[in-house]
J.: 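Following this message is one structure expressed as structure tokens.
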Amino acid sequence: MPAPSPARAKNPPTTRAAMVWAAAVVALLALVLLIVFILQNQQPARVLFLGLEGTVALGVALLIAAVGGGILVAAAGAARIVQLRSNARRARKAGTKP
């Protein structure tokens with residue numbers, strides 16, 4: 001008669017705290033890479049925008065451009081979410097599925 005096999009250890013369930021911790025670690029790594037990028041790109045760059053003119057470090061100018069692009073994408077996403085919620089609300093009032 002074969003010996004009973006030991007019970008397999010179950011993996012603990014993933015918690016929100018674990019996901020937040022993992023996201024924080026990834027964000028910190030991204031920030032370290034961003035700091036390295038900015039420190040390696042300190043050459044002055046002339047920037048013209050809407051009639052304004054100035055000189056900033058190249059890394060900082062690229063960071064500002066990336067943040068501006070992210071804001072535009074977030075605004076477009078927020079507008080789409082508002083549109084979808086409005087359509088869903090209208091459909092619920094009419095008694096149909098969206």
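For the single chain, residues carry numbers from 1 onward in sequence order. Computed from heavy atoms alone, side chains included, the values below leave out hydrogens, waters and symmetry copies. Treat the numbers as computed from the prediction; the structure is a model and nothing was measured.
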J.: Quick test of your reading: applying salt bridge (Lys or Arg N to Asp or Glu O under 4.0 Å), list the pairs with at least one residue in residues 57-74, sequence neighbours left out, ordered by first then second residue.
T.: none
J.: Any side chain to side chain donor-acceptor pair (under 3.5 Å) pairs touching residues 23-45, not counting sequence neighbours?
T.: none
J.: Which residue pairs satisfy the salt bridge (Lys or Arg N to Asp or Glu O under 4.0 Å) criterion with at least one member in residues 54-74, sequence neighbours excluded?
T.: none
J.: Which residue pairs pass the side chain to side chain donor-acceptor pair (under 3.5 Å) test with at least one member in residues 63-75, sequence neighbours excluded?
T.: none
J.: Linking Ile, Leu, Val, Met, Phe, Trp and Tyr through side-chain heavy atoms less than 4.5 Å apart, which residues share a cluster with Leu39?
T.: Ile35
J.: So which pairs with a foot in residues 13-36 pass side chain to side chain donor-acceptor pair (under 3.5 Å), sequence neighbours left out?
T.: none
J.: Holding to side chain to side chain donor-acceptor pair (under 3.5 Å), I want the full list of residues that pass it with Ser86, two or more places apart in sequence or in another chain.
T.: Arg90
J.: Enumerate the residue pairs fulfilling salt bridge (Lys or Arg N to Asp or Glu O under 4.0 Å) with a member in residues 51-71, sequence neighbours excluded, ordered by first and then second residue.
T.: Arg46-Glu53
J.: Mind checking the CG-CZ spacing from Asn87 to Arg92? Nearest 0.5 Å is all I need.
T.: 11.0 Å
J.: Other hydrophobic cluster members with Phe49, side-chain heavy atoms of Ile/Leu/Val/Met/Phe/Trp/Tyr under 4.5 Å, chained?
T.: Leu50
J.: May I have all residue pairs that pass salt bridge (Lys or Arg N to Asp or Glu O under 4.0 Å) and include part of residues 20-41, sequence neighbours excluded?
T.: none
J.: Distance-only check: which donor-acceptor pairs under 3.5 Å involve side-chain atoms of residues 59-83, not counting sequence neighbours?
T.:
residue : atom : partner : partner atom : Å
Arg80   : NH1  : Gln83   : OE1          : 2.6

